[in-house]
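Each remark here refers to the structure printed beneath this line.
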There are 2 protein chains.
Amino acid sequence: MMEQIADILKKNQLSITEGRKKILNMFLNSPGALAHADIEKNTDASFDRVTVYRTLQTFVEKGIIHNIPTTDNSILYALCKDNCEAGHHHDNHVHFICDVCDKTICLENVIIPEVKLPKGFTQKQTDVVISGICNKCK
Amino acid sequence: MMEQIADILKKNQLSITEGRKKILNMFLNSPGALAHADIEKNTDASFDRVTVYRTLQTFVEKGIIHNIPTTDNSILYALCKDNCEAGHHHDNHVHFICDVCDKTICLENVIIPEVKLPKGFTQKQTDVVISGICNKCK
DNA sequence: ACATTTTTGCACCAATGTTGCAAAAAATAA
DNA sequence: TTATTTTTTGCAACATTGGTGCAAAAATGT
């Protein structure tokens with residue numbers, strides 16, 4: 001398991017450090033998305049706030065994690081298992097936010113439908129965020 | 001024009017104040033969404049930061065404006081002309097963010113397609129944010 | 001015009017995010 | 001393995017963003 005984590009870091013040309021391993025591990029063990037605060041509040045790992053910011057930034061740049069649009073002013077990060085392990089990053093799935101447990105999960109298998117834009121608009125990325133009640137809270 | 005603004009406020013049972021009129025006016029004259037900073041930086045209107053926060057909050061509560069999910073940690077607000085003037089607020093259109101001019105616009109006429117969720121998930125709200133190049137930058 | 005209610009501005013506070021730099025750790029070379 | 005180079009971390013200090021309580025000011029209702 002810890003080997004797998006080191007591999008991901010190596011594959012992305014990143015030095016293997018305690019901090020990066022632990023943060024990446026959190027993502028691998030989390031069913032949903034994580035906010036900066038979730039990582040910082042983690043009890044059995046304490047790194048500086050700044051380190052968390054920088055690590056998340058690095059992971060996003062490398063495509064290990066991606067961020068999810070939110071309506072409040074928080075940034076949510078999620079690792080999308082299949083894509084990210086392969087090294088190249090797709091982000092064309094639906095994000096679901098549960099109103100009850102407040103977790104955000106990537107619905108890997110729900111494909112985003114085509115959206116037809118008016119003339120003159122070029123479409124690069126489409127983000128779909130659905131809120132409601134998840135399968136565990138139902 | 002300034003009459004129309006007062007009417008919107010009245011319709012929503014809000015006291016008509018200089019600040020609210022000016023901020024609402026900015027929305028009516030803006031082709032795209034506005035961030036808190038845009039309003040605060042506006043030169044020919046200077047109110048306290050706190051007033052801007054509270055005004056935006058009030059407008060959201062009343063359904064005059066709504067906020068748009070973003071990937072960074074900013075909050076974008078947009079007034080959707082037709083809906084909001086009618087008093088009751090729908091938010092089932094697509095939001096478009098231009099990578100060139102960085103503006104966010106509501107595509108009122110682009111309807112969000114149905115997304116089929118896995119078993120157990122209940123769907124309340126669907127937000128679609130598309131990024132790319134807008135019709136003016138093309 | 002007056003009394004009542006609402007809104008505003010100010011001061012202060014709290015959380016969040018950023019930068020520069022020296023110390024520590026990791027990668028590389030010998 | 002040890003030494004050297006490169007990268008990362010932690011600290012301090014700062015900037016930005018957002019929130020609260022309260023008195024003054026403005027808007028509303030009579």
Side-chain angles (χ1 to χ4, degrees), chain A residues 2-3 5-27 33-62 64-65 67-77 102, chain B residues 2-3 5-27 33-62 64-77 102 104:
Chain A
M2 225 52 182
E3 271 309 304
I5 289 168
D7 277 352
I8 297 173
L9 292 175
K10 241 180 244 168
K11 227 173 273 173
N12 287 282
Q13 297 146 31
L14 290 174
S15 315
I16 294 156
T17 66
E18 273 309 294
R20 286 182 181 157
K21 277 195 284 186
K22 281 188 179 163
I23 291 177
L24 187 46
N25 191 43
M26 285 184 68
F27 277 106
L34 295 173
H36 173 95
D38 296 325
I39 294 161
E40 216 189 315
K41 276 167 198 151
N42 183 288
T43 44
D44 48 61
S46 71
F47 354 78
D48 197 79
R49 248 158 32 79
V50 180
T51 304
V52 177
Y53 282 117
R54 288 196 272 228
T55 304
L56 290 173
Q57 209 173 286
T58 306
F59 283 2
V60 169
E61 275 161 19
K62 290 293 182 181
I64 299 174
I65 59 177
N67 47 20
I68 300 171
T70 55
T71 322
D72 57 11
N73 60 327
S74 70
I75 315 184
L76 281 179
Y77 301 89
D102 215 48
Chain B
M2 224 51 181
E3 272 309 305
I5 289 169
D7 277 351
I8 297 173
L9 292 175
K10 243 181 244 169
K11 228 174 272 174
N12 287 281
Q13 296 145 36
L14 291 174
S15 313
I16 294 155
T17 66
E18 273 309 294
R20 287 184 181 156
K21 278 195 284 186
K22 281 187 180 163
I23 291 176
L24 186 48
N25 190 43
M26 284 184 69
F27 277 106
L34 295 174
H36 173 96
D38 297 324
I39 294 161
E40 215 189 316
K41 277 167 198 151
N42 184 287
T43 44
D44 48 61
S46 71
F47 355 76
D48 196 80
R49 251 159 28 81
V50 181
T51 304
V52 177
Y53 282 118
R54 289 196 272 229
T55 304
L56 289 172
Q57 210 173 286
T58 305
F59 283 3
V60 169
E61 275 161 19
K62 291 291 183 182
I64 299 173
I65 59 177
H66 64 275
N67 48 18
I68 300 171
T70 54
T71 321
D72 56 14
N73 59 328
S74 69
I75 313 183
L76 281 179
Y77 301 89
D102 213 48
T104 297

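The sequence lines fix the lettering, A, B, ..., with proteins before strands; numbering per chain opens at 1.
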Nearest 0.5 Å, please: how far is [atom2] in [Y] from [atom1] in [X]?
{"X": "B:Phe59", "Y": "B:Leu14", "atom1": "CZ", "atom2": "CG", "answer": "6.5 Å"}
{"X": "B:Ile23", "Y": "B:Glu40", "atom1": "CD1", "atom2": "CD", "answer": "10.0 Å"}
{"X": "A:Ile5", "Y": "A:Asn25", "atom1": "CD1", "atom2": "CG", "answer": "4.0 Å"}
{"X": "A:Leu9", "Y": "A:Arg20", "atom1": "CG", "atom2": "CZ", "answer": "7.0 Å"}

Exercise for review: Would you confirm whether B:Thr51, through its side chain, and B:Phe47, through its main-chain N or O, come within 3.5 Å as a donor-acceptor pair?
Suggested key: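 Between the backbone of B:Phe47 and the side chain of B:Thr51 there is no qualifying donor-acceptor contact (under 3.5 Å).
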Check your understanding: Counting N and O atoms only, with roles assigned by atom type, does the side chain of B:Asp72 sit under 3.5 Å from a partner on the main chain of B:Ser74, one being a donor and the other an acceptor?
Key ->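 Confirmed, B:Asp72 side chain pairs with B:Ser74 backbone.
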Any N/O pairs under 3.5 Å between the protein and nucleotides 3-7 of chain D? List them or say none.
unit_1 : atom_1 : unit_2  : atom_2 : d
D:dT7  : O3'    : A:Ser15 : OG     : 3.3

Check your understanding: So which one's nearest nucleotide on DNA chain D is more toward 5', B:Leu14 or B:Arg49?
Key ->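 So the residue in question is B:Arg49.
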Review point. Want to settle it: does A:Val50 or B:Ser74 sit nearer the 5' end of DNA chain D, counting the closest nucleotide to each?
Key: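 Here A:Val50 is the residue nearer the 5' end.
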Practice item. Identify, between A:Ile16 and B:Gly19, the residue whose nearest nucleotide on DNA chain C lies closer to the 5' end. Key: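 Nearest-nucleotide comparison on DNA chain C picks B:Gly19.
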[X] [atom1] - [N] [atom2] separation (whole Å):
{"X": "B:Leu56", "N": "D:dG19", "atom1": "CG", "atom2": "P", "answer": "10 Å"}
{"X": "B:His36", "N": "C:dT16", "atom1": "NE2", "atom2": "C1'", "answer": "15 Å"}
{"X": "B:Glu40", "N": "D:dG18", "atom1": "CD", "atom2": "P", "answer": "9 Å"}
{"X": "A:Lys41", "N": "C:dT16", "atom1": "NZ", "atom2": "C1'", "answer": "11 Å"}
{"X": "B:Leu9", "N": "D:dA26", "atom1": "CG", "atom2": "P", "answer": "18 Å"}
{"X": "B:Asp72", "N": "C:dT18", "atom1": "CG", "atom2": "P", "answer": "11 Å"}
{"X": "B:Phe59", "N": "C:dT7", "atom1": "CZ", "atom2": "P", "answer": "11 Å"}
{"X": "B:Ile39", "N": "C:dT8", "atom1": "CD1", "atom2": "P", "answer": "13 Å"}

Practice item. Answer with yes or no whether B:Arg54 presents, from its side chain, a donor or acceptor under 3.5 Å of a partner atom in the base of C:dG9. Key: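 Looking at the base of C:dG9, it does pair with a donor or acceptor on the side chain of B:Arg54 (distance under 3.5 Å).
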Check your understanding: Out of C:dG9, C:dT8, D:dG10, which nucleotide sits closest to the side chain of A:Phe47?
Key ->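 The answer is D:dG10, which lies nearest to the side chain.
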Review point. Counting side-chain heavy atoms from CB outward, which of D:dG19, D:dC11, D:dG18 is closest to B:Gln57?
Key: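 So the nucleotide nearest the side chain must be D:dG19.
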[X] vs [N]: side-chain N/O to OP1/OP2 distance below 4.0 Å:
{"X": "B:Asn73", "N": "C:dG17", "result": "yes"}
{"X": "A:Thr51", "N": "D:dG10", "result": "yes"}
{"X": "B:Tyr53", "N": "D:dG18", "result": "yes"}
{"X": "B:Thr55", "N": "C:dT7", "result": "no"}

Review point. Does B:Tyr53 have its ring centroid less than 6.0 Å away from the ring centroid of B:His36?
Key: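 Ring centroids of B:Tyr53 and B:His36 are less than 6.0 Å from each other.
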Exercise for review: I would like to know whether B:His66 and B:Ile68 meet side chain to side chain contact (heavy atoms under 4.5 Å, CB included); could you show each step before the answer?
Suggested key: CA-CA 7 Å; B:His66 64 275; B:Ile68 300 171; 4.2 Å; yes
